[in-house]
Structures are given as C-alpha cells and as structure tokens.
Amino acid sequence: MKFYTKRARNRSIPARALLFASCTTLVCVPTSEAEDQTKIEETIIVTARQSPENIIEVPFAVSVIGQDEIRKRGLSDIEEAIKSVPGVDINSASQPTLTNVRIRGVGTILLGNRNDASVSIIVDGVPTTTENAAISTLDISRIEVLKGPQSILYGQNSTAGAVNITTNRPTENFESSVRARYGEESQYLAEGTISGPIADGLKGRIAVQQTGADHWVKSANTGNPITDITSFSGRGQLLWDATETEFLLSGEYHEFDGFAGVQILRPYGDDPLYDVAPERFEDNDKSINRVALQIERDLPLGTLTSVSSYTSYKINNEVAFGRTLNGTLFGFPVESVQNQVTEDETISQELRLASRAESPIFWITGLSFLQSKRSHNTVNVGAPNSSDNELETLSYGLYGEITYPLTDQLSLSGGARYSIDEKEFSGRYENGVLPVFEQRELDDEYFTGRVALTYKVSPDASLYALASRGYKSGGFNEFSTSVADGEPFKEAVVNTIETGFKLANRDHDFSLNGAIFYNDVADDQVGVFDPFTFASFALNVDTESIGAELDGVWRVNENLSLSGAVAYIDAEIKTSTTTGTVGDISKGNATPDTPEWSGSFGFDWGQDVSGIPYLSDAAFEASLIYRYQGERTADAANNFDLNAYGKLDVQLGISHDRGRIYLWGDNLLDEEYDLYGFSFGFPGSETGAPARRRTIGAGFDILF
C-alpha cells in the first residue's frame with residue numbers, strides 16, 4: 001500500500017501500516033477520494049475469518065505482511081517472513097523439512113509428527129502444515145498471522161494460530177514484472193510474472209522464481225560450503241468470471257535441492273565447520289505440488305464458496321552426525337548417516353457460505369473434509385536398523401461464526417466447530433533379526449469455539465475481549481523405531497483469554513494496536529529423540545503463557561515513516577516428566593524457543609531527486625528494520641540457553657513508477673545467533689545451527 005499526495009504522486013515514499021510486528025504493508029481498499037483532493041482515505045481489509053472485513057472489526061490480533069514489505073525486506077520464504085513477527089517463534093535446522101512454529105508460547109514443543117503441528121498454513125484457502133513453511137513468497141499479495149486459537153475456521157492444527165496467505169490474482173489489464181538480486185555467498189533471486197486477459201471473461205497469471213546460494217557453513221574436509229542450495233517455484237492461475245459465478249483454477253510447484261540439516265557442537269566459532277563428507281547433501285531434495293479449484297457464487301443470502309484441492313510432496317533427506325559430534329557422544333569419531341524419505345498426499349474440500357461485505361451482520365458457516373496419506377521411511381546407513389511408518393488421517397468439520405451488533409457500537413461474536421478425526425497408523429521395524437509390525441487406530445470427536453465482544457470507540461478505533469478454546473486430537477509418532485515408540489500421544493487443549501485495542505486513523509498517519517493474553521495448555525506434545533538408542537517417542541506436558549503486545553506506526557510526514565513493536569511473554573511448563581538421557585522436564589521450566597522480550601523498529605525515509613539530471617520523477621528511498629530476539633531456553637529440559645540477538649536489515653535505492661534499483665544488506669551488524677538448539681543431556685553436548693552472517697548485494701525490480 002502506498003500513500004501519495006495528488007500533487008506529487010511519484011515523489012513520496014510508501015508509508016508503513018504495520019500491524020504489531022514488522023512495519024508491514026497492509027492491503028487496503030479506497031473509501032473516499034472526492035472531498036479531500038490531497039489525501040487518499042483507505043480501509044484496511046483482511047480475510048482472517050475467510051471473508052473480507054475491516055480489520056478494526058476482527059475480534060483478535062492479526063499481523064499483516066504485504067507484498068511491498070516482502071520485496072523491500074528480501075523475504076524469500078514464508079518461514080523467514082513470519083519469524084519477523086514478535087511473538088512468533090520458529091525452530092528450524094536450516095532446511096525446508098522440519099519447521100516447528102509456535103505463537104505466544106503456545107504450540108508443539110518439538111514435532112513428533114509433522115502433520116500434527118499447532119499452527120496451520122493456508123494458501124488461497126488450501127490448508128498445509130508448517131512442514132511446508134519454507135515455500136517461496138513468490139507473487140504473494142499478503143500474509144496474515146492470526147494469533148490465538150483459530151480452530152473454528154481452520155481446524156485442529158491451529159491451536160496456537162494460523163498463517164493465512166493470499167496470492168495475487170489474474171488482472172483485468174496486461175501487466176508483467178521482472179525482479180532480480182545478487183549478493184555475497186552467491187545469493188541470487190530471479191523472478192518474473194505476467195498477467196492479463198486471455199479471452200472474454202477469462203484471465204490468466206503465471207509467476208516463476210529461481211533462487212540459490214552457497215551454504216554459509218563450510219566443510220571441514222574441503223573448506224568450501226557444505227552444499228549449494230537452490231530452489232524453484234512456479235504458479236499458474238486461470239480466472240473465469242461467468243456473470244455471478246467465478247472459477248479460479250490454480251496450480252503450483254516448489255522444488256528445493258541441496259539443503260542440509262546442520263547439527264554442530266556449540267560454540268561454533270567465527271568460521272563454523274561441519275565434518276561430514278563433502279558430497280553428503282548433494283541428493284537432498286523436496287518437491288511440492290498443489291492443484292486447487294475455487295468456485296465462488298453470489299447468492300441473495302450471501303457468497304457461496306467451494307475450495308477443492310490436491311497437494312502432494314516428497315522429501316529425500318540424508319541426515320548426518322559429524323565425526324566430532326559422534327566422538328563427543330560415543331567416543332568414536334566417525335560419521336553416521338541416516339536416509340529419510342517422506343511422502344504425503346492430501347485432498348481437501350471446503351464448502352462455505354458467508355455474509356456479503358455490505359451486510360451489517362458478519363456471519364460464516366461451512367463444511368470441511370480432509371484426507372491425508374503419508375509415509376516416513378528411515379534407514380540407518382551401515383546398520384541393520386530401519387523403520388517404515390504410514391499414517392492415514394480423515395478429518396471432518398462443521399463450523400459457523402457470527403458477529404451481531406447489539407448496539408451501534410457494541411458487537412457480540414460467537415462461533416463453534418464440531419470435528420471428527422480418524423487416524424490409522426502402521427509401522428514396520430527392522431533390527432537385523434525379524435521385522436516387527438504394528439497397527440493402531442485413534443478416533444476423536446470434539447467441539448471448539450470462541451466468544452468475543454467488540455466495542456467501536458469510533459470508526460477508527462475498537463476495543464475487544466475474547467475467550468477461545470482450541471483442540472488438537474491425539475496422534476502417532478511418525479519417527480518411531482519400535483512398538484514401544486509408537487504409543488500415541490494425547491490430545492491437546494488450549495484455553496485462551498485475550499483483550500486488546502486497535503486504532504488506525506482515517507488518514508493512516510498513525511496507528512496503534514495492543515493486546516494482553518493468557519493461554520492455558522493441557523497435554524501439548526513433546527517429541528523426544530534418544531541419540532544413544534536412536535529411539536524417538538512423544539510425550540505430553542502442560543504449559544501456560546501470559547503476555548502483552550504493542551505495535552504502532554507513525555507517518556511523520558510525506559517523506560518519513562516510523563514503526564515499532566514489542567512483545568513480552570512469560571511461558572513455562574506446568575508438569576514434570578522423564579525423557580531419558582536428554583534430560584528430564586521439570587515443572588517450572590521455561591518453555592523453549594520463547595523469549596521474554598522481542599520487538600522490532602522500522603525506519604522508512606524518501607526524498608524527491610527529480611531535480612537531478614536523468615532522474616525525472618524519481619525518489620531516493622531508505623528502509624531499515626531492526627529485529628530483537630531475547631534470550632530463550634533451547635529445549636524443554638532447560639539444558640542451556642540461546643543468546644539474545646539483534647538483526648539489522650537495510651535497503652537503499654532509487655524508485656520510479658516503473659521499478660527501482662537498490663542495494664541491500666542482511667544482518668548488517670554481523671550478529672551471531674542460533675536457528676535452534678539441542679542438548680544430548682550432559683555438559684559439552686550442546687548443538688545447534690548458526691544463522692547466516694552479514695551479506696550485502698544489489699537488485700532491481702522492473703514493472704511493464
């Protein structure tokens with residue numbers, strides 16, 4: 001979203017309308033333009049409840065990252081984008097295969113099944129798991145981070161929240177664009193889009209992106225990067241507008257090659273080295289395919305929407321323990337390797353009916369169905385141990401939510417979902433003797449819901465209070481290596497109380513949003529890996545978190561915009577349990593990956609430079625974002641802490657109506673920080689993965 005005066009539309013900088021976290025650009029719709037010829041008044045519109053509505057009227061916290069912000073900050077994947085939101089915590093081993101996302105201290109502590117995450121990711125109405133959080137930000141219009149239980153509309157995998165992603169649609173008029181950037185450590189991105197009419201009533205859009213980089217960790221054997229990382233993404237859409245019915249057919253493909261799951265003994269040193277074979281990660285790859293059909297029809301009662309989808313992905317992943325790590329753990333400085341192959345096929349169908357945008361009463365109701373079939377095969381190279389696990393899930397849902405105006409200012413919201421989950425698990429375990437088989441089933445029926453009050457102080461400000469309940473049915477450990485490991489984990493229940501306010505004045509030169517929340521979690525999942533027996537199993541623990549958030553943006557003048565956010569979260573484990581060799585979990589332990597303090601500060605400044613020769617109608621732009629992540633414990637046993645860090649990203653460039661050229665700096669302060677941490681239960685066995693250090697480069701965007 002850009003704000004310009006009519007007198008100098010191409011000479012002002014974009015003003016940020018960040019919601020809470022990351023000086024983000026929000027999606028807007030013009031509302032008035034005739035009376036004041038020097039301003040464009042706009043209303044912030046989101047689809048957090050699967051239907052367009054003013055963000056002031058949404059009775060829970062929503063953080064939005066728009067496409068302008070994605071490009072200006074060089075956010076190449078969803079994981080990188082959402083981790084910039086204070087209160088969102090990610091545990092990742094620098095590979096697109098096992099990402100765990102938690103919000104406000106709530107969520108699975110360590111995944112034992114990648115289909116049972118606590119945060120759901122939805123792309124154009126199609127659900128996927130956080131295992132696919134590393135998908136590209138290719139041609140994305142906006143990312144909405146919905147905080148607190150979202151089980152009513154998004155199902156069981158949203159007990160901590162949801163990430164709602166909307167891609168750009170085909171356009172009425174022809175348009176195209178090209179983007180490219182290059183930087184240190186062979187980082188590059190090349191992207192192109194083309195969109196426009198094909199025939200009467202039919203429009204199309206195609207977008208492709210290729211990225212690559214040297215891995216930032218070097219091989220102890222060669223001194224070169226341990227792998228070359230590449231990815232390709234492509235999306236195609238056809239939009240047919242047949243009077244009152246609209247058909248959107250979309251297909252997309254993502255491929256990742258050469259990624260590496262890094263696990264190095266800490267401290268890493270100034271030049272981290274990984275002592276595994278140089279060719280170890282060459283054949284690692286992951287592919288994702290998705291096809292979806294959305295049909296939308298306007299009815300006298302409301303808008304009827306059907307979303308049908310098929311998604312599949314396959315992962316070939318070679319995981320290695322280096323010689324130094326094995327020497328520390330077992331006294332044998334040799335390399336150990338495990339081959340993992342994961343395949344997943346999911347079909348989903350949703351049918352919903354929602355109120356029209358102009359309706360004074362917001363309501364939505366719907367039916368959903370999802371079937372997932374996945375397999376996970378593990379082979380320990382050079383050893384007789386292997387496992388072949390399969391899991392099939394069937395989920396059914398019936399839901400509805402309504403916001404009813406009690407007075408001109410006070411509204412009551414209420415919603416509920418009835419769900420049925422059916423799961424079947426089978427395992428085959430080899431241990432060098434005879435194979436062992438097991439088969440288990442799990443069925444669950446449950447209700448989730450929320451109730452909220454919203455008070456509109458003015459058209460630009462609201463107060464809200466809500467109570468909500470999230471539920472995640474029990475499940476099976478897909479990494480199990482024996483019958484004992486396959487014991488199902490319990491269902492998790494999240495109860496949340498939240499109150500907050502939202503303020504955005506009509507001219508959008510100032511906004512302020514805040515929330516206070518309390519979460520009580522019963523029996524959330526903890527995945528446990530025992531390196532001495534290679535056993536993997538899942539446990540349950542109770543947790544709670546209490547905290548507050550505050551964010552704001554101030555458009556000081558036409559050329560300067562400031563933004564900031566801060567979050568405080570006190571999260572702890574309320575029960576004790578024994579995990580074995582990696583350390584026991586004790587009541588009162590801090591919840592891992594959740595800092596007490598996190599925040600961000602943004603600075604955007606622009607200056608008309610059209611007086612300079614050859615720079616007619618151009619502007620100089622400077623964009624800075626500083627993100628702070630406080631100290632947090634690495635694991636549930638609280639074996640050690642990960643240090644606090646501050647990450648500074650900067651872009652400097654010249655912009656014009658038809659594009660821009662710029663210089664970029666990522667982690668400009670050259671900060672050392674961890675992507676995750678893990679302990680094997682005794683001093684000196686702390687491991688993790690270092691993040692990429694400072695890199696700089698240049699890029700350009702061209703619009704046609």
Side-chain angles (χ1 to χ4, degrees), residues 1 3 15-33 39-66 85 141-148 150 152-153 161-162 164 166 354-364 401-415 450-468 498-517 548-555 563 565:
M1 174 183 67
F3 297 88
R16 296 294 187 270
L18 117 95
L19 194 79
F20 172 40
S22 51
C23 53
T24 54
T25 305
L26 299 182
V27 176
C28 300
V29 176
T31 61
S32 174
E33 166 173 40
K39 293 184 183 277
I40 300 176
E41 296 183 354
E42 296 172 315
T43 298
I44 302 168
I45 299 298
V46 295
T47 56
R49 293 196 287 178
Q50 296 186 337
S51 186
E53 59 181 324
N54 188 337
I55 197 170
I56 293 292
E57 298 171 355
V58 178
F60 52 82
V62 183
S63 297
V64 185
I65 306 172
V85 179
S141 171
R142 70 183 181 275
I143 303 169
E144 301 171 6
V145 179
L146 320 180
K147 298 179 178 179
Q150 302 295 325
I152 295 176
L153 300 181
N164 187 30
T166 303
S355 57
R356 293 179 176 275
E358 66 273 14
S359 173
I361 301 174
F362 172 92
W363 56 267
I364 186 169
E401 186 166 19
I402 185 171
T403 296
Y404 185 81
L406 301 175
T407 68
D408 290 341
Q409 293 176 290
L410 184 65
S411 297
L412 174 66
S413 298
R450 67 180 164 219
V451 61
L453 284 172
T454 303
Y455 182 77
K456 292 192 72 172
V457 181
S458 71
D460 306 321
S462 67
L463 306 172
Y464 69 89
L466 72 88
S468 58
E498 177 180 343
T499 184
F501 67 90
K502 300 177 183 181
L503 169 64
N505 70 349
R506 300 293 284 180
D507 298 327
H508 291 273
D509 14 70
F510 180 77
S511 69
L512 189 66
N513 311 278
I516 300 173
F517 54 85
E549 306 164 344
L550 185 67
D551 74 272
V553 61
W554 178 29
R555 185 190 178 201
S563 57

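Each residue takes its place number in the sequence, starting with 1.
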Taking every non-hydrogen atom, the tightest pair across [X] and [Y]:
X    : Y    : answer
Y464 : A515 : OH-CB, 3.6 Å
A61  : E549 : CB-OE1, 4.3 Å
I55  : K502 : O-NZ, 3.2 Å
V457 : Q409 : O-NE2, 3.8 Å
S511 : V553 : OG-CG1, 2.7 Å
P59  : L466 : O-CD2, 2.6 Å

Measure the spacing between [atom1] of [X] and [atom2] of [Y] and express it to the nearest 0.5 Å.
X    : Y    : atom1 : atom2 : value
T403 : E53  : OG1   : CD    : 6.5 Å
I152 : R450 : CD1   : CZ    : 4.5 Å
Y455 : L406 : OH    : CG    : 12.5 Å
F60  : T454 : CZ    : OG1   : 10.0 Å
I361 : Y404 : CD1   : OH    : 5.5 Å
L512 : L503 : CG    : CG    : 6.0 Å

Review point. More than 12 non-hydrogen atoms from neighbouring residues, nucleotides or ligands closer than 6.0 Å to CD1 on I516, yes or no?
Key: no
Short side-chain to backbone donor-acceptor contact, [X] and [Y], under 3.5 Å:
X    : Y    : answer
S468 : V451 : no
N164 : L146 : no
S63  : V145 : no
E144 : T47  : yes
Q150 : G148 : yes

**Study point:** Beyond-backbone contact of E57 with F362, side-chain heavy atoms, under 4.5 angstrom
**Key:**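 The answer is no, as the side chains (C-beta and beyond) never meet within the 4.5 Å cut-off.
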Check your understanding: Can you tell if the side chain of I402 reaches within under 4.5 Å of the side chain of L412, non-hydrogen atoms only?
Key -> no
